[in-house]
Structures are given as structure tokens and as C-alpha cells.
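Okay, so here's the structure we're looking at.
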Amino acid sequence: MNMLDFDIKQLDEFIEIAKTDPEKALNDGYSFIKNIAHNYYDNGCMNDNYYKLLSKLGQLECKSLSYHNLLDFHYPFDTLHPPSREDVLEYIIWCGRKHLMYGDDPIEDLYQWDFKNLCYYGSWKIEETCRKLGIKCRVIKLIPGFSPRKKIPCKLNFHCFNIIEFESKYYLVDITLAQFFCEQDNHLGRLGVAGLEGPNVGCYMVRLKGGKELAKQLFTTGYVELDDNTFKTYMDAFMLAFRNGLYYEENGIILPYSVDQYRMFLQGEDSQVKHEKVLCLGKQKRPLKNPCTSIFGKFE
């Protein structure tokens, strides 16, 4: 039996174990592939055989993880009856969500929706509704590495959200954030696997101080009053998700950017790419030097 066949057989065994102990099987699978990845690293890239192993790892993830949201937040949405226009923010959110709904049921449970790839349409509907009501609103576009000039290899091309100014207060609006909280994409064990991105935004947001509460409020009401803590927590979660395991192996876990720096990121005056190596962002292109490193456990 050659090396590839042996490694595939081992991953098949993990897939079998996942029927009775999915968490153990998945953790063992992630650990295994990190430890053998160097055997498939040739001339500065992962070879074709390695991607056959990643395909098996994907099967293991499907067996071990659900497609549900990380957070249980069940919230009914009435697609037929909008709030009164006097409830201005609730009405704006309703219009944005209604624009994205395509089911036949009059009452939709937002827990069942992930709004994947719908952020652009939702955020522009929010902006359009605000414009009709004479309310100031901006569409904000997040790009991996916060840099439009440097292409970061990510499944996420961009994410849009809104900032609304209403009655002398600012609000962060994100009606599609739930798309980043699918269990399939958010297991911490993914961090450090060559050929993959790390876990998604949800994995980090639920671990940041106040992150769970922020996420649940956006999942339900769709908006939150914007202050420095809220803004930094929201931006930190995306910033962390743009990194891969190579960054954490070299630097540890740090949240170096201030609110003012994040504002500069969004204004195009600075970026994560100017402070961090491109190799450490997006899809991880080479194996970890030390696959047994314990740095990732500090996220727990």
C-alpha cells in the first residue's frame, strides 16, 4: 500500500468513527491531515494527491457537522405584514429581509435561513429604503485583507453591511450575517489545515467578548446601536477570519487594530495587508512548521 492509499484509508476510518463519535473523529481527522501535510508539499505547493485527501476531509466534515447556525436564536419573520412606518428601523429591516425572501410560507423562521451570497442585495435594499425615507445610510463593503488592490485567496469575495444615522445615533445593520455561522464552516480544527481557509467569521465572533450577544441581536432585530466596542468586535471577527494558521503559528493571537485603524481600512487609507504577510491571509498555501502547536487552543 502506497502512502496516499494508506492516508485515504485512515481518513475513511475517521469517517466511519464519525457515525458514533463525530467530534472525536473530526478532531482526529484535522490533526492527522496537519501532521502528514508536509509529505505532499512539493516545490512550494501542495501536490495533486493532497487534494484527494482534502476531499476525504470534506466528507468527514459533512458527516460530523450540521448545516445549522452555531447559535440557537429562533426568530419568526412575518413576510406579509410590515411594521408600521412609525417604527422606522424595524420597517427598514423588514423591507430588506422581505426583499431577500423567496419562500411560500407567510411566517419564516430566520434560524432556517443563511442568506448566503445575498449581502449585496440586502444592503442595497436597506440603502434604497432609507433614501426613500430621507434617512442617511451607507453601504459598507468588507474585502479580505481590507485591500481591493491585493487579491487574497478566499471564498468570501466581499461582504456588505450598512451604517444608518437616525435621530442623532448611528446603527450597524447586517441582515445577512447568519451566513457566516454555519457549523460546517466554523470548526476551530480547520485552522492550520494546508489548502483550506480557517474557520469562518462566526467561529471568532462567538469567542470575542460580547460577540455572541452582538450576533444574536443582528440575527433577530437586524441592527444594533453603533459604538466603539460594537464596531471593534464586529471588525475583529472578520479580521481574524481573514487570517490562516500560518499567522497564528508565527505571531500568536493578537487583536492589534484600533477603531480608528478600522475606519482607515474602510476608507482605503490603510489595510490588513500592509501589516500582515499575504501568505498568512486566506487559503493556507503550505503546511504548518509545527502541526502540534498549541497556539490554536487559546481560542477556546
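These numbers come from the heavy atoms of this one structure, side chains and all, not from hydrogens, waters or symmetry mates. Values in this document were obtained by computation on a predicted structure and should not be read as measured data.
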Considering all heavy atoms of both residues, which atom of [X] and which atom of [Y] are nearest to each other, and what is their separation?
X	Y	value
I163	Y170	CG2-CD2, 4.1 Å
M239	P256	CE-CD, 4.2 Å
G29	L60	CA-CD2, 3.9 Å
Y67	C62	OH-SG, 3.5 Å
L71	A215	CD1-CB, 3.9 Å
L208	T233	CD1-O, 3.6 Å

- Item | CA sep, side-chain torsions, deciding dist, call: W94, D87, side-chain contact (heavy atoms from CB on, under 4.5 Å) | CA-CA 10 Å; W94 187 90; D87 300 320; over 6 Å; no
Indicate yes or no for a side-chain donor-acceptor contact from [X] to the backbone of [Y] under 3.5 Å, with no hydrogens or angles considered.
X	Y	result
K141	C160	no
E225	K169	no
Q284	G192	yes
N47	N49	yes
N162	S123	yes
E276	L281	no
H38	N35	yes
D109	P76	no
K63	L26	no
D21	I17	no

Is the shortest heavy-atom distance from the side chain of [X] to the side chain of [Y] under 4.5 Å?
X	Y	result
L57	L196	yes
N69	F219	yes
Y40	L4	yes
L266	M235	yes
K56	D7	no
V206	F181	yes
Y234	L142	yes
W113	R97	no

Value rounded to 0.5 Å, distance of [atom1] in [X] from [atom2] in [Y]:
X	Y	atom1	atom2	value
I15	Q59	CD1	CD	4.5 Å
T230	E213	OG1	CD	10.5 Å
S66	Q184	OG	CD	7.0 Å
C137	I126	SG	CD1	7.0 Å
I140	C119	CD1	SG	12.5 Å
L255	L240	CG	CG	5.5 Å

Should we count [atom1] of [X] as having more than 12 external heavy atoms under 6.0 Å?
X	atom1	value
Y41	OH	yes
D72	CG	yes
Y121	OH	no
R138	CZ	no
Y120	OH	no
Q267	CD	yes

- Message: side-chain contact (heavy atoms from CB on, under 4.5 Å), that's the test. Do F73 and L110 meet it? Break it down for me.
- Response: CA-CA 8 Å; F73 69 93; L110 295 183; 4.0 Å; yes
- Item | Short side-chain donor-acceptor distance under 3.5 Å, Y223 and E90 | yes
- Any side-chain donor near an acceptor of the partner, D28 and S31, under 3.5 Å: no
- Verdict with reasoning, L172 to L218, per side-chain contact (heavy atoms from CB on, under 4.5 Å): CA-CA 9 Å; L172 188 155; L218 290 172; 4.1 Å; yes
- Listed once per pair and sorted, the salt bridge (charged side-chain N to carboxylate O under 4.0 Å, His left out) pairs that draw on residues 173-201, sequence neighbours left out: E61-R190
Are [Y] and [X] connected into the same hydrophobic cluster when the rule is that any two of I, L, V, M, F, W, Y join if their side-chain heavy atoms are below 4.5 Å apart?
X	Y	answer
F77	L80	no
M101	L118	yes
M264	L226	no

- Looking at K9 and D12, does any basic side-chain N land under 4.0 Å from a carboxylate oxygen?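 Looking at D12 together with K9, the answer is no, because their closest N to O distance does not fall below 4.0 Å.
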- Task: Decide, yes or no, whether a salt bridge links K125 with E128 under the criterion of side-chain N to carboxylate O below 4.0 Å.
- Result: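 Salt bridge: yes.
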- Determine, stepwise, if the pair D236 / R207 fulfils salt bridge (charged side-chain N to carboxylate O under 4.0 Å, His left out). CA-CA 11 Å; D236 277 346; R207 288 170 167 81; over 6 Å; no
- Task: May I ask you to check whether F146 and F242 place their ring centres under 6.0 Å from each other?
- Result: yes
- How are the rings of Y262 and F231 set relative to one another: parallel (under 30°), tilted (30 to 60°) or perpendicular (over 60°)? perpendicular
- Apply side-chain contact (heavy atoms from CB on, under 4.5 Å) to F180 and L70, showing your working. CA-CA 9 Å; F180 302 117; L70 288 174; over 6 Å; no
- Task: Sort and list the pairs that fulfil ring pair (Phe, Tyr, Trp, His ring centres under 6.0 Å) and have at least one residue in residues 268-289, not counting sequence neighbours.
- Result: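 Counting only pairs at least two positions apart or across chains, the ring pair (Phe, Tyr, Trp, His ring centres under 6.0 Å) contacts touching residues 268-289 are Y257-H275.
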